[in-house]
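First up is the structure itself, then whatever we jot down about it.
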2 protein chains.
Amino acid sequence: MVSDSSRRPTIYDVAEHAGVSKSLVSLVLRGSPNVSAKRRAAVEAAIDELGYTPSTAAARLAGARSQRLEVVIDDYRNLWFVDLLEGIRQVTDELGYHVGVVDMHTGAHSALNDVIASGVEGVVVAAELPEALAEQVSVQAVVAGNRASRPPGADLVANDDDAGMTALMDHLFELGHRRIGHITATGGSAGRRRAAFEAAMRRAGLTPLSVGVDAETGADKGFVGANELLDAHPELTAIVAENDTMALGAFMAARQRGLSVPGDLSLAGYDDSPLAGPKVMDLTTVDGRGTELGRQAGLALLDRIANPDRPAETILLPPELVVRSSTAPPRLD
Amino acid sequence: MVSDSSRRPTIYDVAEHAGVSKSLVSLVLRGSPNVSAKRRAAVEAAIDELGYTPSTAAARLAGARSQRLEVVIDDYRNLWFVDLLEGIRQVTDELGYHVGVVDMHTGAHSALNDVIASGVEGVVVAAELPEALAEQVSVQAVVAGNRASRPPGADLVANDDDAGMTALMDHLFELGHRRIGHITATGGSAGRRRAAFEAAMRRAGLTPLSVGVDAETGADKGFVGANELLDAHPELTAIVAENDTMALGAFMAARQRGLSVPGDLSLAGYDDSPLAGPKVMDLTTVDGRGTELGRQAGLALLDRIANPDRPAETILLPPELVVRSSTAPPRLD
DNA sequence: CGCTCCAAGTGGAGCGCTCCACTACCATAG
DNA sequence: CTATGGTAGTGGAGCGCTCCACTTGGAGCG
């Protein structure tokens, strides 16, 4: 903790201080077993006496691995990635990896390229990458969630949106709903959920009804979507939103129109986010099992780093329907 | 875009390809004016013919600046930082800085230390750092928001929580509210807001009433807090939450108890987050002006990097009261 | 007792850049 | 015609590590 000179201490300073060679210091740093306890102690003492921290730049140049992974997301506002991140860290923390998050903000230059150039060992892609960008990803990659495009050779780990939406629709059908609207958005996952919604409706002999056209999935979009649906089709008895956040908007729209949930209108979301919890909306939703998905994605990425030539795999996780109080049988009239 | 050999191309490969010296390539890379148009073009052609990307590790070792800043946050779930980030980027993007986000997740080793060691030029601290950690911050720093601790020499840029809460309380008093509860949390900002709440109540000759004891500020905490308040004090006519997210929980608690907002209970938050918007809760709140705060923080950090010995400054931004439909005069009874 | 073998430790080369001192050349001024 | 200066371009040193080939000193064994 001494700030002797102006210059930041190097491995040579530590070596001199401890009376050993720089190579031995390097061995201690990297936890080599072939170091006697005595020398190791001396080196460690020197390290914190000088307040030494290794230069990661020098280490990287000399060939050390960066031990860094990044999760690529679209937007921090979509909290879907938080559970994913937790799952990834569950499997990478103990190996000493640092896992960061980069968003694809539309700045002058692509943040993703910066990050890849800066030497991460791999990325978990939890964003909709433009095709051109996806092709440029030159590090190990695994895609998390259903996406439109996919870096070459990347694994895919996703929840089975088809199965989840189908289970949710079965639940609504069983309650007796027939006039069901869907608030959707664009993107890989949204597209699949929408397709599953429409397929389920058709199978039941009903006409699917969807609104929503852009990529945004904020609560305000859900509000607008719900109003649009209810203005055009006041006879609806249930609304399914692309995700829980949009369901919150729909919830508020219903309230403003004086419709009680689930009395007048049943409401369902997707993701089982904190918003859907019993202490908030108490929303019927589908648990995409983000943490587990993160674990699988983390394991796949680690495996891919260890074994770069392994062919790409696809892992589909079965999601789980979570029934709460926002859905009930439709009012008889 | 050619992948000639196995090895990644270096500056020497580019130089040879373009028929110039490696130094000239370096000059082109760094945008030096002392390069003829002809050579510049030749180098640029060679660069994308070879698909060359400079090694940031080597550049850093050789003394180049990293052009990276990091925003340090507590938790991705608290979206307060999103506007802040946008503001920061407004002033740093054009200078070519890459601005990332690190969360203080409680992993084995501190993510913050990793990040600092990896060579960022500065950090915006938008988190409650443990005192010991704050002291170790060895890069330029500015603190955003009111915090318990502060790295040595760091500037402080914050919204004036005192003024914001006071304005909000004046609004409630003017509407006629006297029995007002507060849902709070721990931490720098929460502490100040709470103090301002209690001071305002006392000035009005009233007894302040606050619940909430830990650092968590999720919607579920707001739900629990509101129920606690209303169980003990059913006579309350208004509840003020530490932030909009907690206000959402309180909103849901009111709904569950059959209390209409604002008919039976007025509700206010803080932050003016998307949740508070007219298409969601339509919540009376205080705009902390996060984007502007980010701009100021970004400017302060850039200035501090250019001029490291400048004494620390404090910038307090006046927040703005946003009145929406969640507050109204109390029911007469 | 001489041999091998392994554990512990060393020094040198080199990773791919940036920076600096320097040169070559041309234009302009005295 | 020489000094002056600025613009365009070069080569070498060195940033702080890791990796590798190597040395040294004992322990184990026939």
Side-chain angles (χ1 to χ4, degrees), chain A residues 4-44 46-47 50-68 96 114 116-119 121 138, chain B residues 4-44 46-47 50-68 96 114 116-119 121 138:
Chain A
D4 279 13
S5 120
S6 54
R7 226 180 69 275
R8 169 180 172 187
T10 73
I11 199 171
Y12 284 95
D13 299 322
V14 174
E16 193 179 351
H17 210 83
V20 300
S21 73
K22 63 161 194 356
S23 303
L24 212 238
V25 176
S26 177
L27 290 175
V28 170
L29 252 31
R30 283 172 294 123
S32 160
N34 296 356
V35 176
S36 65
K38 198 181 78 184
R39 307 272 181 138
R40 182 184 305 278
V43 168
E44 277 162 358
I47 284 177
L50 297 175
Y52 168 76
T53 47
S55 154
T56 56
R60 287 265 324 294
L61 223 211
R65 302 177 40 195
S66 67
Q67 298 263 100
R68 299 201 317 117
D114 280 9
I116 289 175
S118 84
E121 290 186 37
S138 53
Chain B
D4 279 13
S5 117
S6 54
R7 224 179 71 276
R8 172 181 169 185
T10 73
I11 199 170
Y12 285 94
D13 299 323
V14 175
E16 192 179 353
H17 210 84
V20 299
S21 73
K22 65 168 194 348
S23 302
L24 213 233
V25 177
S26 178
L27 289 175
V28 170
L29 251 31
R30 283 171 298 125
S32 160
N34 298 357
V35 176
S36 66
K38 197 181 78 185
R39 306 272 181 137
R40 183 184 305 279
V43 169
E44 277 162 0
I47 284 177
L50 297 176
Y52 168 75
T53 49
S55 154
T56 58
R60 286 263 327 292
L61 223 209
R65 306 185 28 203
S66 66
Q67 297 263 98
R68 298 201 318 117
D114 280 8
I116 289 176
S118 84
E121 291 185 37
S138 53

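Residue numbers start from 1 in every chain, and the chains themselves are labelled A, B, ... in the order their sequence lines are given, proteins ahead of strands.
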Please give me the minimum heavy-atom distance between B:Ala42 and B:Ala18, naming the atom from each residue.
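The answer is O-CB, 3.8 Å.
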Restricting to pairs with a member in residues 27-44 of chain B, which pass side chain to side chain donor-acceptor pair (under 3.5 Å), not counting sequence neighbours?
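Pairs touching residues 27-44 of chain B that pass the test: B:Ser26-B:Arg30.
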Structure string for DNA chain D in dot-bracket form, Watson-Crick and G-U at under 3.5 Å, | interchain:
|||||||||||||||||||||||||||.||
Would one find more than 12 heavy atoms of other residues, nucleotides or ligands at under 6.0 Å from atom CD of A:Gln67?
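Yes - once you tally the heavy atoms of other residues, nucleotides and ligands closer than 6.0 Å, there are more than 12.
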Rounded to the nearest 0.5 Å, what separates atom CG in B:Leu50 from atom CD in B:Glu16?
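Here the rounded value is 9.5 Å.
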Selection: residues 28-38 of chain A, any non-hydrogen atom under 4.0 Å of DNA chain D:
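Nucleic-acid contacts, sorted: A:Arg30.
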Side chains of [X] and [Y] in contact at under 4.5 Å (non-hydrogen atoms):
X	Y	value
B:Val43	B:Tyr52	no
A:Leu29	A:Ile47	yes
A:Pro54	A:Ile11	no
B:Ser55	B:Arg8	yes

Nucleotides bounding contact with chain A, strand DNA chain C, heavy-atom threshold 4.0 Å
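It runs C:dA8 to C:dG16.
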When we call it a touch if two heavy atoms are under 4.0 Å apart, what does A:Arg60 touch: a base, just sugar-phosphate, or nothing?
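A:Arg60: no heavy atom of the nucleic acid under 4.0 Å.
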Have a look at A:Ser23 and say if it touches a base, only the backbone sugar-phosphate, or nothing, with a 4.0 Å heavy-atom cut-off.
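A:Ser23: base contact, heavy atoms under 4.0 Å.
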Between B:Lys22 and B:Gly63, name the one whose nearest nucleotide on DNA chain D is closer to the 5' end.
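Final value for this comparison: B:Lys22.
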Residue list, side-chain contact (heavy atoms from CB on, under 4.5 Å) with A:Ser21, at least two apart or on another chain
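side-chain contact (heavy atoms from CB on, under 4.5 Å) list for A:Ser21, sorted by chain: A:Ser23, A:Leu24.
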When the side chains of residues 58-66 of chain B are checked against the rest of the protein, which donor-acceptor pairs come out under 3.5 Å, sequence neighbours left out?
from, atom 1, to, atom 2, distance (Å)
B:Arg60, NH1, B:Ser118, O, 3.1
B:Arg65, NE, B:Glu121, OE1, 3.3
B:Arg65, NH2, B:Tyr97, OH, 2.9
B:Arg65, NH2, B:Glu121, OE1, 2.7
B:Ser66, OG, B:Arg68, N, 3.4
B:Ser66, OG, B:Gly119, O, 2.7

